[in-house]
Protein chains: 2
Amino acid sequence: MKKDTSTEAKIKEAAKTVFLAKGFEGCTSREIANAAGMNVALVNYYFRSKSQLFKLVFQSAVEDIVLSTVHIFKTEQTLIEKMRYFIEKEYEFLAKHPEIPNFIINEMNREDGCFIEYNHLFQQVAETGIFNECMTEQAAGRMREISLVSMILLIMSNCQYPTISKKLMQSIHQISEDEYAGQLISHRSHVTEMIIAYLFPKNLSNT
Amino acid sequence: MKKDTSTEAKIKEAAKTVFLAKGFEGCTSREIANAAGMNVALVNYYFRSKSQLFKLVFQSAVEDIVLSTVHIFKTEQTLIEKMRYFIEKEYEFLAKHPEIPNFIINEMNREDGCFIEYNHLFQQVAETGIFNECMTEQAAGRMREISLVSMILLIMSNCQYPTISKKLMQSIHQISEDEYAGQLISHRSHVTEMIIAYLFPKNLSNT
DNA sequence: TATTGTTTTAAACGCTTGTTTAAAATTGTT
DNA sequence: AACAATTTTAAACAAGCGTTTAAAACAATA
């Protein structure tokens, strides 16, 4: 696995950094070129336009966060173990890439925003059988009756919102970045136990 | 209560609509002026600059959402009832003003973003005694031991994220705006029961 | 009505934006 | 070494940005 140091790759990498940090409207082509140490014209030489480059970055950001979850659900574990593991890994992922959720949500809300094809990505998650497994457990009375939308919302809300609202929370509680990171560690346990306890009410093995 | 139809008020109102929908960087002074049916120059005539006008709008958006919660906590109810009531009212508020949370979070994350004074607002919430009440209940063993940060995060995550991620969720699940609104209704019950059950584990009166 | 002060307008300001151009530099090939 | 193709550059383009200006329209007062 050699690192691609070509001009094209450098620009794309710089674009990812800048777009994730500032959004499509929040940055300029020249800013991206500078971040890559390149001339402005090269951005369009390799990617035709700012929008074109953005689409590539957006798509790969979505894939990053979706595909990071796929292999988790493929493990041989009980459903509860998978859920615990997923939340843990999601928090780890978001610690490394905190800008991604906000970035995706923002650009989707934008007028003329980025509407890409999610079907195949969502399909890949579905193909792990995680959703079917939930249906089975629900039918067997071992899991609470809940829609797929609600279940996904419960998990994503409690994983992503704490990262998305970092600046706001720091401001409200007057705490530093490190202090908030510390809070997130204990918050993760609360989230995990709360969700597991709610989704599997009769299960007694909750720690 | 007479409605202010002055030019100044019209511009401010239009600015609120446009800023909330598109953000500071996502719109232009001319766009705001047009939305108000006014000349561009009037924006700066009354508000000195686009940034100045934005600060007013941002401040009032924050106040809208914070102050909408204050009176809820002033009611004479048990802590659990207050929490249920708060979540209910928060969902109602967000149904009316779905852009506000995303708007605030976004602008706070922006470079040179809007850093306003939250102390007095957070203070107003604190003065309802809700936080002290939680401390008391925790000390008495009637409520789970949890930090203030985590408690607020739990509630805000589960109230705000479903609204913030509307477009994303619609895209993932391929559902219409109305269908998603319907999902939110049942989701609110899940959220309420889950949070109450988690925060007050020994309480038996959960429906 | 004449003279204020205020409000609104069209036009322009300098600057930055995304994008294009045409020449220069570099690389690859024979 | 000579030519061709590719890559990079500096400069320019028109369009749009926030903001300012100076004159016009309006309102109020005397």
Side-chain angles (χ1 to χ4, degrees), chain A residues 2-61 103 106-107 110-116, chain B residues 2-61 103 106-107 110-116:
Chain A
K2 56 174 180 181
K3 186 184 170 188
D4 194 350
T5 58
S6 68
T7 302
E8 185 172 349
K10 277 196 227 164
I11 292 176
K12 194 172 174 182
E13 198 180 346
K16 190 163 188 171
T17 306
V18 176
F19 276 141
L20 277 168
K22 306 193 170 188
F24 179 77
E25 282 160 341
C27 71
T28 69
S29 300
R30 283 166 179 81
E31 198 172 350
I32 292 170
N34 288 343
M38 302 291 168
N39 190 287
V40 209
L42 289 175
V43 173
N44 282 22
Y45 177 75
Y46 283 104
F47 299 97
R48 279 177 47 98
S49 71
K50 186 192 177 190
S51 316
Q52 199 81 9
L53 176 54
F54 179 80
K55 276 184 190 166
L56 292 177
V57 169
F58 184 81
Q59 183 108 22
S60 91
F103 171 75
N106 258 302
E107 300 298 336
R110 217 180 72 223
E111 210 177 24
D112 308 321
C114 228
F115 293 105
I116 66 169
Chain B
K2 58 174 180 182
K3 185 184 171 188
D4 193 349
T5 59
S6 69
T7 301
E8 185 172 349
K10 277 196 228 166
I11 292 176
K12 194 172 173 181
E13 197 180 348
K16 191 162 188 172
T17 305
V18 177
F19 276 141
L20 276 168
K22 305 193 171 189
F24 180 77
E25 284 161 340
C27 71
T28 70
S29 300
R30 283 166 178 83
E31 197 171 351
I32 293 170
N34 288 344
M38 301 291 168
N39 190 287
V40 210
L42 289 176
V43 174
N44 283 23
Y45 176 74
Y46 283 106
F47 300 97
R48 277 178 49 94
S49 70
K50 186 191 177 190
S51 316
Q52 199 82 6
L53 175 54
F54 178 80
K55 275 183 191 166
L56 292 177
V57 170
F58 183 81
Q59 184 108 22
S60 90
F103 172 75
N106 258 303
E107 300 299 336
R110 218 181 71 223
E111 210 178 23
D112 309 320
C114 229
F115 293 105
I116 67 169

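A quick note: this is a predicted structure, and the numbers were derived from the prediction, not measured. We name chains A, B, ... by the order of the sequence lines, and we start the count at 1 in each one. Hydrogens, waters and symmetry mates are skipped; everything else that's a heavy atom, side chains included, is used.
The interatomic distance linking A/R48 (CZ) with C/dT21 (C1') rounds to 17 Å, in whole Å. Here the C1' atom of nucleotide C/dG18 and the CZ atom of A/F19 are 11 Å apart, to the nearest Å. Atom-to-atom, CZ of A/F54 to C1' of C/dT17 comes out at 17 Å; the value is rounded to the nearest Å. Across the protein-nucleic acid pair, B/F47 atom CZ and D/dT20 atom C1' stand 18 Å apart, rounded to whole Å.
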Output one line per pair: protein atom, nucleotide atom from nucleotides 25-28 of chain C, and distance, for all N/O pairs under 3.5 Å.
none

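The heavy-atom pair separating B/V43 from B/A33 by the smallest distance is CG2-CB, 4.1 Å. Minimum heavy-atom separation, A/K12 to A/V57: O-CG2, 4.3 Å. When all heavy atoms are compared, the tightest approach of A/K16 to A/S60 is NZ-OG, 3.1 Å.
Taking 4.0 angstrom as the limit, B/S51 places none of its side-chain polar atoms (N or O) nearer than this to OP1 or OP2 of D/dG18.
Salt-bridge check for B/K22 with A/E25: failed, with every basic side-chain N at 4.0 Å or more from each acidic carboxylate O.
Side-chain contact between B/F58 and B/F103 is present, with heavy atoms from C-beta onward closer than 4.5 Å.
Remark: A/E13 CD to A/I32 CD1 distance equals 13.0 Å, nearest 0.5 Å. If you take CG on A/L20 and CG on A/N106, they are separated by 11.5 Å, rounding to the nearest 0.5 Å.
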For residues 47-56 of chain A, which side-chain donor-acceptor pairs fall under 3.5 Å, sequence neighbours excluded?
residue	atom	partner	partner atom	Å
A/S49	OG	A/Q52	N	3.1
A/K50	NZ	A/F24	O	2.8
A/K50	NZ	A/C27	O	2.8

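Annotation: proximity of residues 25-46 of chain A to DNA chain D (heavy atom, distance under 4.0 Å) is found for A/R30, A/N39, A/A41, A/L42, A/Y45, A/Y46, numbered in ascending order.
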